[in-house]
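Computation of the quantities below employed the complete heavy-atom set of this structure, encompassing side-chain atoms and omitting hydrogens, waters and symmetry-equivalent molecules. To find a chain, count down the sequence lines: A is the first, B the second, and so on, and within it residues start at 1.
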Amino acid sequence: MSIHVTLPDGSVRTYDQGASAMDVAKSISEGLARNVLSAKVNGEVRDANRPLPGDCTLQLLTWNDPEGKATLWHSSAHVMAEALEALYPGIKFGIGPPIENGFYYDVDFGERSIGDGDFAAIEAKFKEQVSKKLTFDRKEVSKADAITYFTEKGDEYKLELIEGLLDGQITFYTQGNFTDLCRGPHIPDTSGIKAMKVLSLAGAYWRGDEKRKQLTRLYAITFPKQKELEEYLALLEEAKKRDHRKLGKELDLFTFSERVGAGLPLWLPKGAALRERLINFMKTAQEKAGYVQVATPHIGSKALYETSGHWEKYGKDSFQPISTPQEGEQFMLKPMNCPHHCEIFASRPRSYKDLPLRLAEFGTVYRYEQSGELHGLARVRGFTQDDAHLFCRPDQVKEEFMKVIDLVLLVLRALNFETFEVQVSLRDKEDRSKYIGTEENWEKAEQAIIEAAAASGLKTTVEYGEAAFYGPKLDFMIKDALGRRWQLGTIQVDYNLPERFELEYVGSDNGRHRPVMIHRAPFGSLERFIAVIIEHTAGRFPLWLTPEQAIVLPISDKYIDAARQVAGDLKDSDIRASVDERNEKIGRKIRDAELAKTPFMLVVGEKEAAEGSVSVREQGQGDLGTMSPKAFADLVGDRIAKQLGGL
RNA sequence: GCCUUUGUAGCUCAGGGGUAGAGCACUUCCUUGGUAAGGAAGAGGUCCCGGGUUCAAUUCCCGGCAAAGGCUCCA
């Protein structure tokens, strides 16, 4: 009997019954066989040395395939577990999956406490195990046997996992002295692992549940080459340099104060000015799109949030109400602007002719975040949204939604964000208790979003369970320097708040109708948005946004007056410029301006002072030659116009 | 909130039971220099806060506060 194996290039090869993916690899080349980590057989990732099931399609997986990497890392997790068990007998294991960059294993160390001082020993033991060229042996076991094994071992976590599995589908893998409950697949043997590093350690609740025991999670990563590990560590270092918390300090944009409180950013003059420019940019774009600005207070009566449903949903987990001293009235720091805006809509009768009504406000809101969740500007307790609420007729929803998508794309383009993900966030498929509103309205809202996104030609992914409690969302996500994903802009369709606030307009039929609300914030929060811009640009902001667009550098203090004249001329052309009047050589001034990431340096010496010109140098680019201040101003103006896309 | 780590000059960090250290930044002086660091001198600290141990604590212990990584990746 022989079997036919179809390879990715479409070629078909014939092998004896019982041949493995590894046999196929060997028949192609020894080099390939050495690099095979696992194999995709009929779309399923399996051990490379398992016999093929018969005629099949086969893709050999190596380090160059995401699944290949995952296999190596998963196997590495087993080896790390073995190393840990050898070092710390009696410990218990949770789960140990591969992740985006490496793998982790959750371990119950019992009374023992592990710190990063223990990493070296773990790495050494790991290398010792790996050098034995251990193989991973797969074994199918009955549920009863599996339970017996881990009962004897005393590992209640594995037992709990087994409980959730079906008899007949349980497999163990053994390498060296370590046997683990595992679906697999694994790499042929450990010789492919050449470099390993324990990266960090963290507490992680068993099964992600805060109420259950906290295990110790060890993050680590392995590579088939030592050099790749070094490159990866260098990459992490590089990412640290882009960290917005570090750059924000270096660029004098913002700070935090213990005395003011955690998660409450203080904007320094340069940062505040940058924020202001973002706000003005958005205001201009919104005015063109038919929005009107409103302004509302930072607090609102508790009753307002009882009406909106926020109190019931978030009351316990938000800043608690503040009370008036005499009457004991209760007010909340506002966590959202929408209830206030609903009341503005309700302040007088509305006609269908008034719709859509687009109320915009740069509203500062306050949300309690657990102390451990705070993160620079990206997660804070007080932040400003570029918020707006569009009240429209049901027949206008799709068009309005699409207009908002256009606005978000305009913003992303002006800030050079080329890569972002768009996520359609819908309700949890099973648990609907988290949401308010009728099934019918949710259906309508979800449909509206899906259709509008499709009509705008956006590539989207759908996530269930990510919707807001009052409606589905379209979220724009960006990755930061460390690869963490942040939600920026968001657009949400909401049929519920208009109902809770009993909002109405008079239709052309002279009857009363309920408007639909669209919540939207292209930046999301200004704080988080600025954090992401900082990391995305490594502090080299777009010219229109940057705090200082040009710095004038006199060659010596004989030319300070000429330099001041130039700076004055530039100011008249609305260019932000200052003069470096320090008693330093030109080389030093240039170096400092380069490091400060000032986009343009204008050198003024004897020649320039005499002819009223400037010698222009662009940050990171070098000398652009001599020109008049006017010509330079035009150059800056042109670049900005291009960036802003005509706004 | 919980786990691990950290907190020393404006910044980055070294140190260590008994006068507190470096580099950069800052101030003053010298230098007037043409596209990435000119020279010299000087000033600068509640060693996060509170308690304990000790003859003596910035250092060791306990408790706070703040910051970092994680608690979402499901055999």
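- Comparing the same atom, C1', in B:A56 and in B:A22 gives a spacing of 27 Å after rounding to whole Å.
- A:Ala204 comes within 4.0 angstrom of sugar-phosphate atoms only, judged by non-hydrogen atoms across all strands, and of no base.
- Comparing A:Ile99 and A:Gly372 along RNA chain B, the residue whose closest nucleotide (by nearest heavy atom) sits nearer the 5' end is A:Gly372.
- With salt bridges taken as basic N to acidic carboxylate O contacts below 4.0 Å, none links A:Arg367 and A:Glu373.
- Among the heavy atoms of the strands, none lies under 4.0 Å from A:Gly465.
- Taking the six-membered ring where the residue is Trp, the centroids of A:Phe172 and A:Phe150 are separated by under 6.0 Å.
- Rounded to whole Å, the distance from CZ on A:Phe103 to P on B:A75 is 16 Å.
- One can place CZ of A:Phe119 at 11 Å from C1' of B:G70, the figure rounded to the nearest angstrom.
- Interface remark: the A:Gln214 side chain does form a donor-acceptor pair with the B:C2 base, using a distance-only criterion of under 3.5 Å.
- Remark: A:Arg207 engages A:Glu160 in a salt bridge (Lys or Arg N to Asp or Glu O under 4.0 Å) (not counting sequence neighbours).
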B/S/- along nucleotides 33-48 of chain B (protein heavy atoms under 4.0 Å) is BBBBBB----------

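- Look at A:His375 and you'll find a side-chain N or O under 4.0 angstrom from OP1 or OP2 of B:G69.
- Only the C1' atoms considered, B:G34 is 33 Å distant from B:A43, to the nearest whole Å.
- For the C1' atom pair drawn from B:A20 and B:C13, the interatomic distance equals 14 Å after rounding to whole Å.
- Pairing partner, B:A22: B:U12, with both Watson-Crick or wobble hydrogen-bond distances short of 3.5 Å.
- Between A:Phe136 and A:His186, the ring planes lie parallel to each other; the angle is under 30°, not in the 30° to 60° tilted range.
- To the nearest angstrom, C1' of B:A75 lies 15 Å from CG of A:Asp167.
- Whole-Å rounding puts the A:His244 NE2 to B:A67 C1' distance at 12 Å.
- A:Ser578 and A:Glu548 share a side-chain donor-acceptor pair at under 3.5 Å.
- Its glycosidic angle being within 90° of 0, B:U19 falls on the syn side.
- Only the P atoms considered, B:C60 is 11 Å distant from B:G18, to the nearest whole Å.
- Straight-line distance between the P atoms of B:C73 and B:G17: roughly 44 Å, to the nearest whole Å.
- When rounded to the nearest whole Å, the span between CG of A:Leu165 and P of B:C74 equals 14 Å.
- To the nearest whole angstrom, the two P atoms, one in B:U54 and one in B:A14, are 32 Å apart.
- Qualifying side chain to side chain donor-acceptor pair (under 3.5 Å) partners for A:Glu606, counting only residues two or more places apart in sequence or in other chains: none.
- Within a heavy-atom distance below 4.0 Å of RNA chain B, the residues of residues 146-163 of chain A found are A:Lys158.
- Listed nucleotides B:C71, B:U4, B:A75 differ in distance to A:Leu201; the shortest reach to its side chain belongs to B:U4.
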Kindly determine whether A:Arg427 and A:Tyr464 satisfy side-chain contact (heavy atoms from CB on, under 4.5 Å), including the steps that lead there.
-> CA-CA 5 Å; A:Arg427 274 173 303 175; A:Tyr464 293 92; over 6 Å; no

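- Of the charged side-chain nitrogens involved, none lies within less than 4.0 Å of a carboxylate oxygen, so that A:Lys40 and A:Asp65 do not count as a salt-bridged pair.
- Between A:Ser371 and B:G1 there is a side-chain N or O to OP1 or OP2 distance below 4.0 Å.
- Between atom OH of residue A:Tyr219 and atom CG of residue A:Leu201 there is a gap of 10.0 Å, rounded to the nearest 0.5 Å.
- Take the nearest nucleotide of RNA chain B for A:Pro97 and for A:Leu374: the residue whose nucleotide is more 5' is A:Leu374.
- The side chain of A:Glu373 lies closest to B:G1 when the candidates are B:G1, B:U4, B:A75.
- Rounded to whole Å, the separation between the P atoms of B:G10 and B:G38 comes to 25 Å.
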Contacts under 3.5 angstrom, residues 117-124 of chain A side chains, donor-acceptor by atom type, not counting sequence neighbours:
from	atom 1	to	atom 2	distance (Å)
A:Asp118	OD2	A:Gly115	N	2.8
A:Glu123	OE2	A:Val198	N	2.9

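- Residues forming a salt bridge (Lys or Arg N to Asp or Glu O under 4.0 Å) with A:Glu463 (at least two apart in sequence, or on another chain): none.
- Between the C1' atoms of B:U27 and B:U35, the separation comes to 28 Å (whole Å).
- Look at OH on A:Tyr105: it is 10 Å from P on B:A75, rounded to the nearest Å.
- Contact between the side-chain N/O atoms of A:Lys249 and the OP1/OP2 oxygens of B:U12 is found at a separation under 4.0 Å.
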